[in-house]
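Pasting a structure below so you can have a look.
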Amino acid sequence: MNIFLYDSLSKEKKEFVPIDSKKIRIYACGPTVYNYAHIGNARMSVVTDLLVNILKTKFKKVVFVSNITDVDDKIIEASIREKKPIKEITTKYHKIYNEDMKRIGVKKPDFQPKATDHIQEMIEMINKLLENNCAYIEDNHVLFDVSKYEYYGCLSKRTKEEQIAGNRIDVGEYKKNSEDFVLWKPSKKNEPGWKSPWGYGRPGWHIECSAMSEKCLGIPFDIHCGGIDLTFPHHENEIAQSCSAFKKNSDPQSFCKYWFHNGFVTVDGEKMSKSLGNITLINDLLSKYSGPVIRLSLLSSHYRQPLDWSTKILEQSKKTLKKFENFFDKIPSEFFLKDSNSNFDNEFLNSLYDDLNTPRALASLNKLFDKVKDPKKDDKKIILSLAKCFQLLGINLNKNKNNDESNFVTKSEKKIIFDLIQEREEARKLKDFERADNIRDKLKKMNINIEDSVEGTKWIKNE
RNA sequence: GGUGCGGUGGCGGAGAGGCUACGCACCGGCCUGCAAAGCCGAGUACACCGGUUCGAAUCCGGUCCGCACCUCCA
């Protein structure tokens, strides 16, 4: 089985052929750390995390790099707004980002370079671009001269004429062409800045990814990931910079081989935006839903499709996951310790190898579950395989042995619940069902649902 | 205006010329003191109009509708 990926540069699904099968190299544009991560950031992280997992089933070594943008106009704004130093803002949100991602099962990248740690590399790259006559200095800015790169527009499939026609922003007076973009710009005294051959200033947005991907991975590397909205201008400009710095007019493949873009998350069919006030933060979501539920929701549609986020999706994922969790809860943990050399289900893996078709992969797991749910059958192999498949998706099913929901309840509440359940047990023994049902109603009013099972009465707090 | 993606059953969501996708919800049954859970089973679909074909949700032409990017954005 080979892995196929949709490459947004060539606009076709292609077999993934690594540059060096001993070491796969992936880069993803990470977050700008000036606020809590939202569900769109999470989709990118979850999808690339899954891509890495999938590649690891086939290749021994996969190096994944995802940057942190910690110098940016938005951060400066946040610093003024929150009246806190820049460093404090970026450190805070960087930390929160990693914590939130961890909770939805995203592993930390092998390298998580920060832009501010790579200013020197950026300056060097800008120097090379100036040497190659692909950039110019104007009014204390260094700008990339788009007309010097013949492949410009190859990713977003735009001709220069189209861009000019569609250009809605005012052309900066210092620009030769409206589509030229900033590599280095001057900083005011109160803004973050670094010494450079072009004066005190800071980098433009795009240069950091070109500098850090080359530094951490070397070029060309295998896969470049990011949200679909980054294709233009960010990724287009990355290609232009990297392919002009290395050698003038290098083709896009000399930077990276495959471009992997995930679709947008919308809310009620509309894009999340500050003006609409519909930004859903992971941090808020995590107080209501578990990490695996959020993760499963994000994987319930194909990564390239737009995903319309809603409580319905979360509720559905919650139920789906519960079905599997209930099943695995009944299996003693020793069961998993003995036979750890289980295999992936073929249909499951094939679906994921086919451009990360998670809905089809999930369907195959349901089929697998049908085979295994009859407790009379001894399908140890399939059960182990099922657990392993979920693990590949980043969802752990066989570890939550203790009542997860109890975390949402205080100790004194637990005591009350416990006592009421005891009381109800006694009533049931005496066949006083009216009293038993009254107690159940009472618990329900406390938002506690109970279930009578062979092992006794279980309770769950509703969110 | 340019570029790209899409419209599938009540909802979510794959598939891509003939074969049940799948899940959630709903309905019927089993189980249960009753619930819940679990199990078994049934139903409902491919935006519209033409065309190609023995056969189209899938291919071709057209129409309508939605979304995104072209400005910071995952």
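Just so it is clear: chains get the letters A, B, ... in the order the sequence lines come, proteins before strands, and each one is counted from 1. Note that this is a predicted model, so its numbers are computed, not measured.
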Can you tell me how far P of rA35(B) sits from CZ of Arg435(A), to the nearest Å? 21 Å
Could you tell me which residues satisfy salt bridge (Lys or Arg N to Asp or Glu O under 4.0 Å) with Asp73(A), sequence neighbours excluded, listed by chain and number? Lys185(A), Arg202(A)
Checking all strands, does Ile39(A) fall into the base, sugar-phosphate, or nothing category for heavy-atom contacts under 4.0 angstrom? nothing
Is there a donor-acceptor contact under 3.5 Å linking the side chains of Ser242(A) and Glu214(A)? no
In whole Å, what is the span from the CG atom of Leu9(A) to the C1' atom of rG4(B)? 14 Å
Separation between the P atoms of rC22(B) and rC31(B), rounded to whole Å: 27 Å
Would a 4.5 Å heavy-atom cut-off, applied to side chains only, mark Lys107(A) and Asn53(A) as touching? yes
Could you measure between the two P atoms, the one in rC49(B) and the one in rA35(B), and give it in whole Å? 47 Å
Restricting both atoms to N or O, compile the protein contacts to nucleotides 32-34 of chain B shorter than 3.5 Å, with distance only.
residue, atom, partner, partner atom, Å
rG33(B), O6, Arg424(A), NH2, 3.3
rG33(B), O6, Arg428(A), NE, 3.3
rG33(B), N1, Asp437(A), OD1, 3.1
rG33(B), N2, Asp437(A), OD1, 3.3
rG33(B), N2, Asp437(A), OD2, 2.7
rC34(B), O2, Arg440(A), NH1, 3.4
rC34(B), O2, Arg440(A), NH2, 2.2
rC34(B), N3, Arg440(A), NH1, 3.2
rC34(B), N4, Asp452(A), OD2, 2.9

Can Tyr93(A) and Asp70(A) be counted as having a side-chain donor-acceptor contact under 3.5 angstrom? no
Between rC39(B), rA74(B), rC72(B), spot the one nearest the side chain of Lys74(A), thanks. rC72(B)
d(OH, Tyr27(A); P, rA74(B)) in whole Å: 13 Å
Does a donor on one side chain sit under 3.5 Å from an acceptor on the other, for Asn396(A) and Gln391(A)? yes
Counting primed atoms, P, OP1 and OP2 as sugar-phosphate and everything else as base, the B/S/- map of nucleotides 21-31 of chain B against protein heavy atoms under 4.0 Å is BSBSS------
Between Lys373(A) and rC40(B), is there a side-chain N or O to OP1/OP2 distance below 4.0 Å? yes
Quantified in whole Å, what is the C1' atom distance between nucleotide rA25(B) and nucleotide rG18(B)? 31 Å
If we only count heavy atoms from C-beta on, is the Leu397(A) to Leu386(A) side-chain gap below 4.5 Å? no
Under 3.5 Å side-chain donor-acceptor pair for Tyr289(A) and Glu315(A): yes
Charged N to carboxylate O under 4.0 angstrom, Glu77(A) versus Arg81(A)? no
Classify the side-chain pair Ser364(A)/Glu347(A) by whether it contains a donor and acceptor separated by less than 3.5 Å. no
Using the six-membered ring wherever Trp is involved, compare the ring planes of Phe348(A) and Phe344(A) and label them parallel, tilted or perpendicular (cut-offs 30° and 60°). parallel
Are Thr266(A) and Asp308(A) close enough that a side-chain donor and a side-chain acceptor fall under 3.5 Å? yes
Do Asp354(A) and Arg360(A) meet the salt-bridge criterion of a basic N to acidic O distance under 4.0 Å? yes
Report which part of the nucleic acid Gly40(A) touches: base, sugar-phosphate, or nothing (heavy-atom distance under 4.0 Å, all strands). base
Taking the minimum atom-to-atom distance to the side chain of Met272(A), which one of rA14(B), rA36(B), rA74(B) wins? rA74(B)
Between rU71(B) and rG9(B), how far apart are the two P atoms, rounded to whole Å? 36 Å
Taking side chain to side chain contact (heavy atoms under 4.5 Å, CB included) as the criterion, tell me which of Pro109(A), Cys216(A), Cys209(A), Ser213(A) meets it with Val65(A). Cys216(A)
Can you name the salt bridge (Lys or Arg N to Asp or Glu O under 4.0 Å) partners of Asp72(A), sequence neighbours left out? Lys74(A)
Nearest-angstrom distance from the residue atom CG of Asn262(A) to C1' of rA68(B): 13 Å
Please measure how far the P atom in rA42(B) lies from the corresponding atom in rU3(B), and state the result in whole Å. 49 Å
RNA chain B-proximal residues of residues 293-310 of chain A, any heavy atom under 4.0 Å: Ser300(A), Ser301(A), His302(A), Gln305(A)
Expressed in angstrom and rounded to an integer, what is the separation of Asp229(A) atom CG from rC5(B) atom P? 16 Å
Rounding to an integer number of Å, can you tell me how far Glu236(A) CD sits from rU3(B) C1'? 12 Å
Pair Lys14(A) + Asp7(A): basic N to acidic O under 4.0 Å: yes
For RNA chain B, consecutive-pair runs of 3 or more (Watson-Crick or G-U wobble, both H-bond-type distances under 3.5 Å) give B:1-7 with B:64-70, B:10-12 with B:22-24, B:27-30 with B:38-41, B:47-51 with B:59-63
Leu281(A) atom CG is separated from rA74(B) atom P, nearest whole Å, by 13 Å
How far does the P atom of rC46(B) sit from the matching atom of rU8(B), given to the nearest Å? 10 Å
In whole angstrom, give the distance that lies between atom CD1 of Ile421(A) and atom P of rA36(B). 17 Å
Taking atom CD of Glu434(A) as the centre, report whether more than 12 heavy atoms of other residues, nucleotides or ligands fall under 6.0 Å from it. no
Taking the P atom of each, how far is rU52(B) from rU58(B), in whole Å? 15 Å
By nearest-heavy-atom nucleotide on RNA chain B, the more 5' of Gly30(A) and Lys11(A) is Lys11(A)
Residue met sooner reading RNA chain B from 5', once Asp354(A) and His206(A) are mapped to nucleotides: Asp354(A)
Distance check, C1' atoms only: rG7(B) and rC11(B), in whole angstrom units. 15 Å
